[in-house]
Amino acid sequence: MPTAKELQAMKSKHNVLATFSYDKPKVDKGYANQTLYVNIESNEIKSKPVTQDMKDKFIGGRGFDLWLLWHAVNDDTRWDSPENEICIATGPIGGTTQYPGTGKSLVTTISPTTEQVIDSNVGGYFGPLLKFSGWDALEIQGKATEEIIIVIDGEESTVTIETAPEEPVDTHILSEILTDMYAEDEDDRRNVSVVSAGRGAEHALIGCLNFSLWDVRRGGIRVKQAGRGGIGSVFRNKKLKALVVRQPGVSGDSNNPADLNVIQKTGVKMHREICTEDHRQERMRTTGTPHLIEVMNAYDLLPVHNFQYGKHDDTPKITSDVWFKLFTQGIPDGCWYGCSMACAKTVENFELRTGPYKGEIVRVDGPEYETAAGVGSNCGIFDPAAILELNFYCDTYGVDTISWGTTVAFLMECYERGIINKEHTGGLELKFGNREASLELLHQVARGEGFGLIAGQGIRRIKKIFADKFGADINFLNDIGMENKGLEYSQYVSKESLAQQGGYALTNKGPQHDEAWLIFMDMVNNQIPTFEDKAEALHYFPLWRTWFGLNGLCKLPWNDVTPADNPETDEPNKVPEHVDNYVKLFNGVTGMNITREEIILQSKRVYDFQRVFNIRLGKGLRKFDAQPYRAAGPVTKEEYESRAERYDGQLKELVGFDPEGKSTEEKLAALRVYKEDQYEKLMDSVYKRRGWTENAVPKIETLKEIGIDYPEIVEVVKRHL
Amino acid sequence: MITVNGRNVDWESGLTVAGLIKKMNYIFPQIFVTINGDLIKKDDYDTTPVSDGDAVEIIHMIAGG
Amino acid sequence: MKYVKCHPDKCGYKLVCMATCAKKVQKSDDPALANIVITKKDDGTIDMNVCNQCGQCIDVCPTGALYRNKPGVVRINKDICVGCYTCVGFCPTGSMRTHESRTVPFKCISCGNCVKACPNKALAHEEGEFEPSYFEKGEPGEPGETFPKEYF
Ligand code: SF4
Ligand code: SF4
């Protein structure tokens, strides 16, 4: 860490390009009622009012982001077009301190890998502090010509665009420097949050953003990631080095809710539930999300070797008992105040063994399940230290761990199958389990050299390069390259759950589990056997989970702990008591009086709007919902034979094909015809339930019914009717 | 023969709820169990027998990030 | 460390302690703001609830607003507290208090005013010892040992 003097020297090199002073509104019932527009090309900064219609129809968070982005771009806007924006917002409930999981920021942009809208949900203090500084959302447009930062100081009520030529780019250094630079004194550091990317995001298209918080209890910076879809790459492409927000004085009524009492009561009830139940249920407070490693392994759902398999003998090396020992215990690890679920686990005093920071002792934020499975089991790396090192470097370089894990797993399979060799990789032996190779490749991404330049582009572009330049069979690459819409799959094997295949690929942004996770309901519980059942689940759950993103909420406290009497309720999978909590929170904050059903309606507006947005950008139709076959069934002989009994049974019982005496190739082919047909039927049912055409276009009557039949939206839809 | 979540599973004498969960390798902690529609308390898994012909539901809550 | 010990068998349910606490500590006439709560249960017995200064709340507080003062009493630094109420939900005895007029919780400060005021001697000021909490043991902000070498 630089000394105070060095910080001063660095800061003295800042050249303020624009300053904007504003009257800070008092937050009223969860809204600041204005959004902040910053153009880093023209250096224009202005305030835009939040209309009642915006609140009624788009609620906040991801809804506001999308509405702002929609008006900023045109049909041909690409990820690196100057008019593309990065929008950040929490929602009306965001910034509540009394209930767990109420501090999320939602980030949207047009993605470099999916070339349509991406949204990401992230912890850290930025979104709430932004709102308390007077802004419901921030939109950043244009491309700067030199390295800049944007500083929002809620206490001074100013926004500045400043050049920042000397600060290093990598997150773990930069976020600490800027926190120290803009905090008035040591105690003020908790009032500062920094958004940054890293060197990797400059050369890769799978860049992520890191949102910081100053952890009082650890006395240091923590970072949470807006990982998916390359938002960090857009950030660095705009020459944005960082965003800084500072807002002192967060208190229990900063969000100025309509009924503080109901919020307090609901919050206390939830804290109590976590206190009494968590240690008997998922142990989020002590092991965080990695408790899922052993669970997924037991159900054959943990991705191993590029999603070929669902379990591995070495899994015990990376299960939660290991992480329990490595995570520092006993510290409140929420990513916003009041999150007693405290899943944001951390490994302290980790000594790096590779790369530019080799030998340094660092704090590693994580790993989360997705990271441990992605850079770990999916790449055959069952080694906690390697997972931590990859986790750390992905974060500080600004590279999405999920996309990195899935991409490297794909590359390793290509290598093992001889599709690529050392000549292509520049000597890297990209075999499953080769942790040194995965790390070296990551460092190459950060340095912008060698095979790293290809690896950082994400699977969709890599497939094309391998086919065009290295003569690979594109059909095979399409089967095993785990991406849909250009986004890499997150870390669950969906082969045995048709509903989850839809949960992954019939999405707006691409295969990320935060829309729907239906594997247990479908595959294990057998609760949604028919197409109609699956379609209903793929209607309800994505909408339910969209709502978290409208309000600045985390999904985890919804169902990663449940009330003791939840099994006795009518729909345990929905966790009715928690649904009621959220109704109370929303009404308590906004003073409105919505019902459970209106939650779904609120989401439906934004969800269908996002679909139309994608259609406007030339995507969003049925063909873009196609999935790689590996998400549905065995692609290769080895995959089939490893689960031969299961697949033979399916052929007999479901397909009506007698596997007796047939070759594996014949059986593979028969199973594939069946599975692909099932998926097409699923699409039909789901689109129908969602009120869309067979081509996945929201019908005009659907748009009317939900009240978003704005002429500009209808006009896009009409092109496809 | 019993059914677990609507699928046939072999029955053996002396089978308890806890034994069945183990047999199925259902290690996920957020589950609940009904036998012929009756909810079984967690504390009773060890002592509750599963009889031949029972329809058992072992419902897993939604998991996943 | 001195804490308030309750003897419900001696309590006459006059609620003098609550009124005294509200008045002297919270400067209010509203007994709902008292740091001690006396309730009559359905079976007619008396429940007396007040913080025993165990300090477990110190560990769950995200801001470090909870601390033990020199005499050993657990106090809340209201300037730092963000009113998240984690401490309320996690208090093993349910003695961290809230009120709709407040944005921060409140609790017994072991001043002894209620003890003196109780006409029935149902309250006593006693000496107690507790296991130090995680943050009391270590240097807050510098947790953990070095990363175990066996994982390399
Ligand atoms: S549950 Fe975890 S991710 Fe969600 S808000 Fe709490 S600490 Fe953050
Ligand atoms: S309410 Fe205040 S004292 Fe209690 S845990 Fe939250 S911040 Fe700490």
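First the proteins, then the strands, lettered A, B, ... as listed; each starts at 1.
- Listed for the Arg217(A) side chain is a donor-acceptor partner under 3.5 Å among the backbone atoms of Cys61(C).
- Rounded to the nearest 0.5 Å, atoms NE2 (His271(A)) and SG (Cys87(C)) are 8.0 Å apart.
- Taking OG of Ser101(C) as the reference point, atom CG of Leu260(A) lies at 10.0 Å (rounded to 0.5 Å).
- Note that CD of Gln98(A) is 8.5 Å distant from OG1 of Thr103(C), once rounded to the nearest 0.5 Å.
- For residues 1-24 of chain C, heavy-atom neighbours of chain A at less than 4.5 Å comprise no residues at all.
- Two residues are said to be in side-chain contact when any heavy atoms from C-beta on lie closer than 4.5 Å; Val82(C) and Arg190(A) meet this criterion.
- Contact annotation for residues 32-60 of chain C against chain A (heavy-atom separation below 4.5 Å, listed by residue number): Ile58(C), Asp59(C), Val60(C).
- A distance-only check finds no donor-acceptor pair linking the side chain of Ser340(A) to the backbone of Thr86(C) [under 3.5 Å].
- Each of Cys84(C), Gly64(C), Cys81(C), Gly83(C) has some count of heavy-atom pairs under 4.5 Å with chain A, and the biggest count is that of Cys84(C).
- Taken from CD in Gln264(A) to OG1 in Thr98(C), the straight-line distance is 6.0 Å, to the nearest 0.5 Å.
- At least one side-chain heavy atom of Phe90(C) sits less than 4.5 Å from a side-chain heavy atom of Ile274(A).
- With respect to chain C, the highest number of heavy-atom pairs below 4.5 Å among Cys339(A), Gly267(A), Gly330(A) belongs to Gly330(A).
- Top candidate by heavy-atom pairs under 4.5 Å with chain C, chosen from Gly252(A), Gly334(A), Pro100(A), is Gly252(A).
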